[in-house]
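Any value given below was found using the heavy atoms of this structure, including those in side chains, with hydrogens, waters and symmetry copies removed.
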Amino acid sequence: MPARPAVPSAAMSPAPLHRSPVALRFSLSIVPLLIAATFLSACSGDQPTAAAAPKPLPVSIVVAESTRAPLLIESVAQAEGAREVEVRARVTGIIEKRLYGEGEAVKAGQPLFRIERAPFEIALAQARAQLAEAQALDEQTARELQRLQGLVTERAISQKEFDDTKSASAVSKAAMKSAEAAVRQAELNLSYTNVTAPVSGMSGRAQRSEGSLVNAGSDSLLTSISQINPIWIRFSLSDGDLQKLPGGRAAARNLRDVELQLPDGSIYPQRGQINFSASRIDALLGTMEMRAEFANADARILPGQFVRARVIVGEQDNVFLVPQAAVTQTENGPVLMLVGADDKVEPRPVKLGDWQGKNWVVTDGLKPGERVIVDNLIKLRPGAPVVPRVPGAGPADAPPAAAAQPKT
């Protein structure tokens, strides 16, 4: 058989260069990424990475100085007026007018309300008329008794007639005295129609308005007055605090000076004096009630206001006052951040006493001359370098002038 011509195989023939549009777009998009990656790897290879040293952080400091501070016992207290008086109506009648401004300061004797006067003026006139009648009857019986005095001596009348006249004269005198008392009572009731302030102080709101009927008795309250200069501060000390006093619980009778902390945290400029101490411990609360008196000419403290009373029980030496912001509370107790000799952060556990204004009293853990950091505490780490500066010299968290901003 004749041989068939050889058919060229597909492996030996070159394949046609043909690609789909999707594959072509993928190839074109991957090329720029490969070039960018090659460039970045070359750049990173030229500059080896190195860990930058931390820059010192500017911080404000205070230098610890040994001082003397009072030893205090603190308690929640409430203010009350030295005199808190209820102004009540003493007679029944219609309120004609209110004569004061609610909430304003009033003086003792100042008119506050006026009650209708006409009924009491009529009652006074009737009482005076009855007094005149009693006086006339008394004069008549007195003349009759004097006339019969000579007749009974001469036995011109019986003794019984004289005795009856004498008794009638005594009855008339008693009736006259009763009429005089009725006149005084009517005059007093008339004066009660003008309701005045019994003491000086701050007035309260009016409980009754004009035109209201007020009754003398339990329903007679018109307003109230609180004397706020001086002001009284009422507080209690626990039995445990009393045991801590130098000399024990018995020394509570010798306590005198009291310091006052207002709700805004400031200290009242004047100290008060204790003017009352209870003679027993409250069996339910375990506290001893006390009261102090403070001058309050500018009405800075008002009745009902809550404050904090600090009873001064002594003094403590060799303590330090540091700002409250410098103290960090940890699970192991309070800690201060100090600047060491090499200007590095050094944490120091301390023992705290009471607050003194805006400062903590540090009783142990500090030495004179040590530098206490008072700001940027959240950025500090033990051993980190810092640049100490005096408070007020500038913003403590500002970066150094020589530090250049990195370029992107």
**Complete:** Only residue of Glu80, Gln227, Glu84, Glu293 satisfying side-chain hydrogen bond (donor to acceptor under 3.5 Å, both in side chains) with Trp232 is Glu293

**Prompt:** Can you find a heavy atom in the side chain of Val386 that is under 4.5 Å from one in the side chain of Asn376?
**Reply:** no

**Prompt:** Does CZ in Arg98 sit with more than 12 non-hydrogen atoms of other residues, nucleotides or ligands closer than 6.0 Å?
**Reply:** yes

**Asked** Which atoms form the tightest heavy-atom contact between Ile225 and Ala197, and what is the distance?
**Response** CD1-CB, 3.6 Å

**Request:** Mind running side chain to side chain contact (heavy atoms under 4.5 Å, CB included) on Asp282 and Glu289 for me, showing each step along the way?
**Result:** CA-CA 8 Å; Asp282 190 302; Glu289 186 178 3; over 6 Å; no

**Separation of Ser220 OG from Asn215 CG (nearest 0.5 Å)** = 8.5 Å

**Asked** Would you say the side chain of Arg205 lies within less than 4.5 Å of the side chain of Gln207, judging by non-hydrogen atoms?
**Response** yes

**Item:** Nearest-0.5 Å distance, CZ of residue Arg291 to CZ of residue Arg234
**Value:** 9.5 Å

**Request:** Indicate yes or no: does Arg310 engage Glu74 in a salt bridge with an N to O separation below 4.0 Å.
**Result:** yes

**Asked** Which atoms form the tightest heavy-atom contact between Arg300 and Tyr268, and what is the distance?
**Response** CD-CE1, 4.0 Å

**Asked** Tell me, do Met337 and Val59 make a side-chain contact under 4.5 Å, heavy atoms counted?
**Response** no

**Prompt:** Given side chains that start at C-beta, do those of Leu190 and Glu187 come closer than 4.5 Å, heavy atoms only?
**Reply:** no

**Complete:** Between Leu336 and the options Val327, Leu377, Thr328, the side chain to side chain contact (heavy atoms under 4.5 Å, CB included) test singles out Val327

**Asked** Among side-chain atoms of Gln324 and Asn359, is any donor-acceptor pair under 3.5 angstrom?
**Response** no

**Request:** Check for a donor-acceptor pair, side chain of Glu315 on one end and backbone N or O of Pro70 on the other, with a separation under 3.5 Å.
**Result:** no

**Asked** Counting only N and O atoms by type, is there a donor-acceptor contact under 3.5 Å from the side chain of Ser191 to the main-chain atoms of Leu188?
**Response** yes

**Message:** If I compare all heavy atoms of Thr193 with all of Glu116, which pair ends up nearest, and what's the gap?
**Reply:** CG2-O, 3.8 Å

**Prompt:** With no hydrogens and no angle check, is any side-chain donor or acceptor of Ser60 less than 3.5 Å from a backbone partner on Val374?
**Reply:** no

**Prompt:** Charged N to carboxylate O below 4.0 Å: is that the case for Arg208 and Asp219?
**Reply:** yes

**Request:** Might you work through the side chain to side chain contact (heavy atoms under 4.5 Å, CB included) test for Leu321 and Val361, ending with a clear yes or no?
**Result:** CA-CA 5 Å; Leu321 299 179; Val361 177; 3.6 Å; yes

**Message:** One pair to check against side chain to side chain contact (heavy atoms under 4.5 Å, CB included): Ile233 and Val258. What are the steps and the verdict?
**Reply:** CA-CA 10 Å; Ile233 304 298; Val258 179; over 6 Å; no

**Message:** How close do Leu131 and Met176 get, counting heavy atoms only, and between which atoms?
**Reply:** CD1-O, 3.5 Å

**Asked** Taking C-beta and beyond as the side chain, do Leu260 and Ile301 meet within less than 4.5 Å on heavy atoms?
**Response** yes

**Prompt:** Out of curiosity, Leu242 CG to Ile73 CD1, how far, rounded to the nearest 0.5 Å?
**Reply:** 7.0 Å

**Message:** Surrounding CZ of Arg88 (heavy atoms of other residues, nucleotides or ligands, distance under 6.0 Å), is the total greater than 12?
**Reply:** yes

**Prompt:** Do you see a donor-acceptor pair shorter than 3.5 Å between the side chains of Thr330 and Asn332?
**Reply:** no

**Intermediate values then yes/no, salt bridge (Lys or Arg N to Asp or Glu O under 4.0 Å), Arg114 and Glu96** = CA-CA 6 Å; Arg114 185 172 67 238; Glu96 287 185 340; 3.3 Å; yes

**Prompt:** Do the side chains of Pro263 and Val307 get nearer than 4.5 Å, heavy atoms only?
**Reply:** yes

**Complete:** To the nearest 0.5 Å, atom CZ of Arg256 lies from atom OG of Ser277 at 7.0 Å

**Request:** Only one of Ser167, Ser169, Ser172 passes side chain to side chain contact (heavy atoms under 4.5 Å, CB included) with Leu145; say which it is.
**Result:** Ser169

**Item:** Verdict with reasoning, Glu346 to Arg371, per salt bridge (Lys or Arg N to Asp or Glu O under 4.0 Å)
**Value:** CA-CA 10 Å; Glu346 176 186 341; Arg371 297 175 292 177; over 6 Å; no

**Asked** What distance separates Phe320 CZ from Glu370 CD, expressed to the nearest 0.5 Å?
**Response** 7.5 Å

**Prompt:** With a 4.0 Å cut-off, would you call Arg147 and Glu144 a salt bridge?
**Reply:** yes

**Prompt:** For Thr141 and Ala168, which heavy atoms make the closest approach, and how far apart are they?
**Reply:** CG2-O, 3.9 Å

**Request:** Quick one: pull up CG in Leu262 and CZ in Arg308 and give me the separation to the nearest 0.5 Å.
**Result:** 12.5 Å

**Message:** Quick one: does any side-chain atom of Asn296 pair with a main-chain N or O of Ile228 as donor and acceptor, under 3.5 Å?
**Reply:** yes

**Request:** List the steps, then state whether side chain to side chain contact (heavy atoms under 4.5 Å, CB included) holds for Val214 with Val91.
**Result:** CA-CA 8 Å; Val214 60; Val91 292; over 6 Å; no

**Atom CD of Gln273: over 12 foreign heavy atoms under 6.0 Å** = yes

**Prompt:** Is the side chain of Asp343 donor-acceptor paired with the backbone N or O of Pro388 at a distance under 3.5 Å, no angle test?
**Reply:** no

**Request:** Report yes if the side chains of Leu112 and Leu99 come closer than 4.5 Å at any heavy-atom pair, otherwise no.
**Result:** no

**Prompt:** Which pair of heavy atoms, one from Ser203 and one from Gly101, lies closest together, and at what distance?
**Reply:** OG-O, 3.3 Å

**Prompt:** Between Arg381 and Val345, is any pair of side-chain heavy atoms under 4.5 Å apart?
**Reply:** no

